Structure formats: structure tokens, C-alpha cells
Number of protein chains: 2
Amino acid sequence: MSSVTIRDVAKKAGVGVGTVSRVLNDRNAVSEATRQKVLAAIDALEYTPNLAARRLSRGKMMAIGVIVPYFTNPSVVRRLQGVVSVVTGSGYDLVLFDIEKVEQRADFVRNIPRRQLVDGLLIVSLNPTDEDVEELLQANLPTVLVDANHPELSRVRVDNVFGGYQATRHLLDLGHRRIGYISDFLNDPFNSPVRDRLQGYQQALTEAGIAFCSDYHQQGVHSRQQARLMALDMLQLPDPPTAVFAYSDTQAVGVLEAARELGRRVPQDLSIIGFDNIEAAEYLHLTTVQQGLYDSGAKGCQLLLTEMLDPPASATEILLPTRIVMRQTTAVYDNTTRQV
Amino acid sequence: MSSVTIRDVAKKAGVGVGTVSRVLNDRNAVSEATRQKVLAAIDALEYTPNLAARRLSRGKMMAIGVIVPYFTNPSVVRRLQGVVSVVTGSGYDLVLFDIEKVEQRADFVRNIPRRQLVDGLLIVSLNPTDEDVEELLQANLPTVLVDANHPELSRVRVDNVFGGYQATRHLLDLGHRRIGYISDFLNDPFNSPVRDRLQGYQQALTEAGIAFCSDYHQQGVHSRQQARLMALDMLQLPDPPTAVFAYSDTQAVGVLEAARELGRRVPQDLSIIGFDNIEAAEYLHLTTVQQGLYDSGAKGCQLLLTEMLDPPASATEILLPTRIVMRQTTAVYDNTTRQV
DNA sequence: TGCCCAATTGGAACCGGTTCCAATTAAGCA
DNA sequence: TGCTTAATTGGAACCGGTTCCAATTGGGCA
């Protein structure tokens with residue numbers, strides 16, 4: 001509750017407030033003797049600058065905002081961890097906004113710049129609309145997208161078309177011909193990776209001379225449970241897929257559960273590949289497409305800090321690589337040992 | 001970059017700044033006609049109050065801080081989710097501090113109250129020292145602990161002694177007599193649950209007339225990998241335990257891996273029980289002691305908001321229940337079917 | 001009609017920093 | 001020694017709100 005102000009310090013040290021401020025901010029136009037006097041006074045009074053006042057007069061909030069959707073999603077949490085690692089020690093504070101409902105999104109994106117709450121903004125796994133971007137640019141608020149895309153904003157992401165291609169190609173290379181894709185809803189305007197990966201999936205199929213079969217694609221809300229239900233359906237088709245590509249590891253786990261329920265052995269009877277390489281993937285021995293979740297957050301945050309210092313002329317794009325992590329849920333398609 | 005201020009609005013509306021402020025803050029001492037004029041001016045100028053200025057003059061930051069250690073820990077993340085759910089929509093912003101190194105802790109706890117950055121503080125899974133508490137109380141900063149303990153601070157937690165007792169008792173009830181405990185380091189001053197659960201474990205053993213055997217307790221840094229190594233050791237003792245109680249689900253997964261590596265069937269040859277009931281526990285079919293992770297965050301945050309409004313005379317404690325969630329990693333001890 | 005009180009309203013002072021400008025001091029040089 | 005210039009320093013003005021106090025207005029009542 002110490003409301004000792006800079007004026008108290010100035011009085012105690014027998015100097016002017018400007019001098020104290022200069023000492024606090026390391027402006028070097030202060031003689032060593034004076035500096036020592038001021039530091040002594042600060043120490044004696046246990047003075048700490050009031051942040052709100054500093055922010056007001058500097059016009060900077062010394063905070064960066066992070067907008068995160070569906071905080072329950074492990075891949076989002078992992079990206080956030082990357083962000084946190086960079087923010088901690090940058091001198092900025094991290095203000096977290098969670099979006100659980102679609103309506104909240106517009107509110108946040110609109111209000112954050114207006115409220116002048118933060119000096120920079122990180123938007124994770126959420127595609128902004130053109131109007132959002134307009135608003136952001138007009139407010140002159142440095143913004144970086146992580147795992148999201150818009151031509152006018154700087155961004156860190158992966159090539160999801162290629163990722164989907166890689167996953168599908170991996171299964172094709174193992175000899176699979178009937179390959180399912182279990183995904184989030186395709187028509188979610190804020191989630192473009194789901195469409196990109198489908199595109200990669202279709203590209204790989206086409207390349208292999210296989211026609212896309214709509215029975216082999218199911219979409220639903222993003223959850224293990226829902227993925228399980230969709231997989232249960234798909235695996236009970238008259239001519240079920242021998243391999244499934246799941247949009248996320250979370251969903252792949254649902255597929256794994258469905259397979260177990262139906263008595264299909266993985267990988268002998270069914271190959272499963274996920275996407276993300278979340279921590280659970282490792283101990284479930286799930287083959288997956290790895291993307292640098294943590295890195296995307298860290299890199300995005302670094303990029304933001306850089307751009308806050310000197311605003312770039314145009315948006316930069318950092319593309320992180322994806323790669324297959326082979327574990328034990330995919331195997332060569334071999335009709336002779338199959339039980340189904 | 002609209003720097004339209006309250007004075008612009010006042011001029012435009014032809015009223016005084018005080019009146020505009022009153023309209024903004026819903027003080028009802030404003031006539032309807034004036035209110036309309038002001039609102040029209042606000043609309044026309046697209047005015048939004050400057051947060052920093054408001055914070056400075058009100059002396060409130062409208063933000064709550066959350067200190068979180070080891071953000072990588074799934075149980076911590078889950079608690080944080082609970083916190084986020086309550087903060088969102090409370091009108092407060094959430095400022096997140098991550099502590100990865102022990103040295104950081106003191107810095108944070110010391111500096112946060114001083115910097116007057118937040119109006120309330122939530123400390124998750126980190127026991128404050130007496131000095132920390134002294135500092136906090138002196139700064140008059142409302143603080144609530146989540147999954148941590150100190151008699152002078154309000155807190156939301158579980159009875160870890162009882163939780164440890166429950167877990168061990170469950171194994172004893174299944175007929176096990178050689179029961180291991182795999183845990184974090186006991187001497188970590190900031191982690192008391194690890195000692196509490198050990199106490200419960202020992203209590204249950206004593207009650208069953210079983211002497212505590214130090215070979216059956218291993219401690220190490222909190223990670224799946226380390227738990228795996230410790231389990232590997234313990235399971236290769238001449239007279240290995242038939243059941244293991246792991247301090248956390250994360251560590252239980254490590255034990256699960258060790259068992260698999262050694263060819264021990266779970267639960268036929270080895271029973272494993274974890275603690276927390278994190279999401280992964282469900283799809284790994286891990287028997288565990290459930291504690292309301294999400295709830296603890298939500299309740300803690302609610303408590304904090306309440307106490308920020310009217311400071312309580314003394315600290316409150318909310319004890320959340322724990323209960324066994326039986327899944328498929330524990331079974332009756334039956335020597336006849338054992339392979340080891 | 002005149003007086004009193006309550007409801008509104010205007011605006012100065014304040015919150016606690018930063019910054020800029022003018023003033024003072026000291027150093028450098030002829 | 002006198003003058004120029006650079007280095008320090010003090011402190012008023014400012015950032016953009018809120019709040020309090022004094023002033024104005026209008027209604028109710030005798």
C-alpha cells in the first residue's frame with residue numbers, strides 16, 4: 001500500500017523529479033554522484049514506480065495480448081506455452097483472452113485495439129475476417145497470427161496442404177488404397193487448416209490414381225468423443241477404409257478407441273495417422289505429422305516483438321516445416337495377416 | 001490511433017468533462033436529455049476511454065494476475081482453464097506469469113504486488129513462503145491459493161493426505177501388500193502435496209499392519225521419463241511391488257511404459273494408480289484419484305473476485321473432494337495368474 | 001410571488017509518471 | 001581570464017481519465 005511517489009523520492013534525494021525519472025529509465029544524462037543519491041533514496045523509501053502512471057504518460061501498455069480459441073485443445077495449449085516462454089523475460093506482460101464461443105471472437109478483435117490495452121496482439125489458431133484485419137490495421141496495432149492465415153498480417157504457420165499430402169502419402173506408400181479422413185467441420189470460416197489438409201489428402205489420392213470417396217470423409221466438432229463416433233461409423237461401412245488420417249492427434253485418439261471397440265488391431269488391421277504430435281501422441285505410440293506447436297508460439301511472439309519495435313512495410317510469413325513421425329499405429333497393408 | 005479524449009466528447013456534446021465521465025460510469029445523476037447528447041457525441045467521435053488513464057485515476061488495474069509454475073504440467077493447465085473460464089466475462093483481464101525456475105518465484109511474488117499491476121492474485125500449485133505471504137499481506141493484495149497451502153491465505157485445495165490414503169487403501173483392498181510410491185522430490189519446499197500424499201500412503205500401510213519399505217519409494221523430477229526410469233528400477237528389485245501408486249497421472253504413464261518394457265501385464269501382473277485424472281487418464285484407462293482440477297481454478301477465481309470486493313476478516317479454505325476413478329490399470333492381487 | 005432544497009452540471013484538482021525546455025554548472029580552449 | 005559549448009539538472013506541462021466541490025437550475029410549497 002506504499003504510495004510513495006516519484007516526488008517523495010525527489011524530495012528525499014534533494015533533486016528534481018525529472019532527475020529521478022532519468023535514473024529510473026537509464027537515461028545516461030545523470031552524473032554518477034546524483035544517480036547514487038537517487039538510488040539511495042529509492043532504496044530507503046522502498047519506492048516502486050506506479051505502472052498505470054507510467055503507462056499513461058508513456059502511452060505504452062507494456063503488455064501483449066494473446067487471443068486463444070478453445071483453450072481446452074492440447075495443441076493450442078502447447079502453442080501458448082511457446083508464447084509464454086518468450087514473453088517471460090521480455091519485459092512485457094501477457095494478457096490472455098480465451099474464446100469459447102463464436103460470438104466472442106468479433107467482440108474481442110474489435111474491442112482489444114480500441115481499449116488500448118496491449119501494445120501488440122497474437123492471434124492463435126483463429127483466422128481473422130477481412131473486417132477484423134481492417135480494424136486491426138486501422139488501429140495500428142501490431143499483430144501476428146500463429147497457425148492462422150491472412151495475406152495482410154504477419155504470420156507463423158505450416159503448409160497444411162502439404163501436411164495433409166504427407167500424411168496421405170505415407171499411408172499410400174504403405175500400400176493402403178482405402179483411406180479415410182476424419183476432420184473438423186469444413187465450413188468453419190475460422191479454421192482453414194481443416195480444408196487445406198483435405199486438399200492435400202485429395203491431391204495425394206489423385207496422384208495415386210484413386211478417386212475421392214465421400215464415404216471416407218467424415219466431419220464433426222473437434223473432440224475425441226465425436227471422432228470416435230465418426231470412426232465407428234466409417235469402420236462399419238461395407239467396404240471400410242484400411243487406414244485413417246485424423247485431422248488432429250486428439251481425434252486420432254478417438255479413432256484408436258473406436259478401433260479397439262470394434263476389435264480391429266492397430267496397425268495390423270487398421271493404420272491410423274494423426275496430426276500435431278502432441279505429447280499424448282508419444283506415449284500412445286501414435287504415428288503423426290509433427291508440426292512445431294511450441295515453436296510456432298515462440299517464433300510468433302518473437303516476430304511480434306520485433307515488429308513492435310520497427311513496423312515492417314509488409315507482412316512476413318514464416319512457414320514451419322512438417323514431418324512424419326513414425327510410431328506404431330501405421331503399418332504396411334498386408335491382406336494375408338488381416339483379421340477383417 | 002484515435003486519440004479522441006473525454007474533453008473532445010465534452011466539447012462536442014456541449015457539456016463538462018465530469019458529465020461525460022458520469023455517463024460513462026452509469027452514475028445516475030445525469031438527466032436523460034444530457035445523457036442522450038453525450039452518447040450521441042461518443043458515437044459520432046467513436047470515442048473509447050483510455051484504459052491506462054482510467055486505471056491511474058481509479059487506482060484499480062481491472063486485472064487479476066495468475067502465477068503458474070511449470071506451465072508444461074497438464075494438471076496445471078487444466079486448473080488454468082478453470083480460472084480462464086471465470087475471468088472471461090468478469091470484466092477483469094487475466095495477466096499470466098509463468099515460473100519455470102525456482103529463482104523466478106521470489107522475484108514474481110515480490111514484484112507483482114509492488115508494481116501494482118493487478119488487483120488480485122491467484123497462485124497455482126506453488127506454496128508461498130512466510131516471507132512471500134508477509135509481503136502480500138503488507139501490500140494488501142487480495143490473494144487466493146489454488147492447490148497450495150498457507151494458513152494466512154484463502155485457498156482452494158484438496159486433502160492430499162486423504163487422497164494418498166485413498167489411493168493406497170484402494171490397492172490394499174485389492175489384496176496388494178507390496179505397494180510402491182513414485183513421486184516428485186520430497187524436499188521441494190514449494191510442493192507440499194508430495195509429502196502429504198506420502199503421509200496418507202504411510203498411514204494406510206500402517207493401518208494395514210504393513211511396514212514402510214524405503215525401497216518402495218522413489219523420488220525424482222516430475223516427468224514421465226523420470227518416472228519411467230524410477231519404475232524400471234523399482235520393478236526390477238528382487239522382491240518388486242505388485243502395485244504402484246504414482247504421485248501424478250503423468251508419472252503413472254511413465255510407470256505404464258516401464259511395465260510394458262519389462263513385459264509386465266497391467267493390471268494382471270502390476271496394478272497402477274495415478275492422481276489427478278487428467279484427460280489422458282481417460283483414454284489410457286488409468287485408474288486414478290480424481291481431483292477437480294478445473295473446478296479448483298474456477299472456484300479459486302470466484303473466491304478471489306469475492307474477496308476483492310469485500311476483504312474477509314480471515315482466510316477461507318475450500319476443500320474439494322477426491323475420489324477414486326476405477327478404470328483398467330488396477331486389479332485384485334491374484335498370485336495364480338501372475339507371470340512374474 | 002418568494003424561499004428552500006434537491007437534482008444536475010461544470011470544471012479544477014488530482015492520480016503518478018515522462019518529457020521537454022530553460023537554467024545552471026562545469027569543462028575546454030584561445 | 002573570458003567566452004563557447006556540452007553536460008546536468010529542475011520543474012512545469014502533459015497523458016486522459018475520475019472525483020469532489022461549488023454553482024446553477026428547477027420544482028414544491030407556504
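Note that the structure is a prediction, hence the values are computed from the model and not measured. Naming convention: chains lettered A, B, ... in sequence-line order (proteins, then strands); numbering from 1 in each chain.
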Between the protein and nucleotides 10-12 of chain C, which nitrogen or oxygen pairs come in under 3.5 angstrom?
| residue | atom | partner | partner atom | Å |
| --- | --- | --- | --- | --- |
| C:dG10 | OP2 | B:G16 | N | 2.8 |
| C:dG10 | OP2 | B:T19 | OG1 | 2.8 |
| C:dG10 | N7 | B:R22 | NH2 | 3.4 |
| C:dG10 | O6 | B:R22 | NH2 | 2.8 |
| C:dG11 | N7 | B:G18 | N | 3.4 |
| C:dG11 | O6 | B:R22 | NH2 | 3.0 |

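Not a single donor-acceptor pair under 3.5 Å links the side chain of A:R157 to the backbone N or O of A:D147.
Between the CD atom of A:Q36 and the P atom of D:dT8 there is a distance of 14 Å, given to the nearest Å. Counting to the nearest Å, the P atom of D:dC14 and the CD1 atom of B:I6 are 18 Å from each other. As rounded to whole Å, 15 Å separates atom C1' of D:dA7 from atom CD of A:E32. Distance CD (B:Q116) to P (C:dC15): 13 Å, rounded to an integer number of Å. Computed from coordinates, the A:N50 CG to C:dC15 P distance equals 11 Å when rounded to whole Å.
Taking the screw axis at each terminus of the helix from C:dT1-D:dA30 to C:dA30-D:dT1 from five consecutive base pairs, the angle between the two is 40° to within rounding of 10 degrees.
Dashed line: the shortest gap from a side-chain N or O of A:N25 to OP1 or OP2 of C:dT18 is under 4.0 Å. Residue A:T5 places none of its side-chain N or O atoms closer than 4.0 Å to OP1 or OP2 of C:dG16.
Listed by residue number, the members of residues 54-63 of chain B with any heavy atom below 4.0 angstrom from DNA chain D are B:R54, B:L56, B:S57, B:R58.
Partners of B:H150 by side chain to side chain donor-acceptor pair (under 3.5 Å), not counting sequence neighbours, listed by chain and number: B:D130. Under the side chain to side chain contact (heavy atoms under 4.5 Å, CB included) criterion, B:D132 pairs with B:R105, B:V109, B:R110, B:P128, B:T129, not counting sequence neighbours. B:Y92 pairs by the ring-ring contact (aromatic ring centres under 6.0 Å, His included) definition with nothing, not counting sequence neighbours. Not counting sequence neighbours, B:R54 has no partner by the salt bridge (charged side-chain N to carboxylate O under 4.0 Å, His left out) test. Judged as a ring-ring contact (aromatic ring centres under 6.0 Å, His included), and not counting sequence neighbours, B:F71 has no contacts. Not counting sequence neighbours, the partners of B:L320 by the side chain to side chain contact (heavy atoms under 4.5 Å, CB included) test are B:V156, B:V158, B:D295, B:S296, B:K299, B:I318.
Ion pairing of A:D93 with A:K60 is absent here, as no side-chain N (NZ or NE/NH1/NH2) approaches a carboxylate O to less than 4.0 Å.
Listed nucleotides: D:dG17, C:dG17, D:dT8. Nearest to the side chain of B:P49: D:dG17.
Residue pairs meeting the side chain to side chain donor-acceptor pair (under 3.5 Å) criterion with at least one partner in residues 81-90 of chain A, sequence neighbours excluded, are A:R78-A:Q81, A:S85-A:Y294. Judged as a salt bridge (Lys or Arg N to Asp or Glu O under 4.0 Å), not a single pair has a partner in residues 7-22 of chain A (not counting sequence neighbours).
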Would you list the atom pairs, donor with acceptor, under 3.5 Å between side chains in residues 302-312 of chain B and any protein atom, with sequence neighbours excluded?
| residue | atom | partner | partner atom | Å |
| --- | --- | --- | --- | --- |
| B:T306 | OG1 | B:Q302 | O | 2.8 |
| B:E307 | OE1 | B:S154 | OG | 3.1 |
| B:E307 | OE2 | B:S154 | OG | 2.8 |
| B:E307 | OE2 | B:T316 | OG1 | 2.9 |

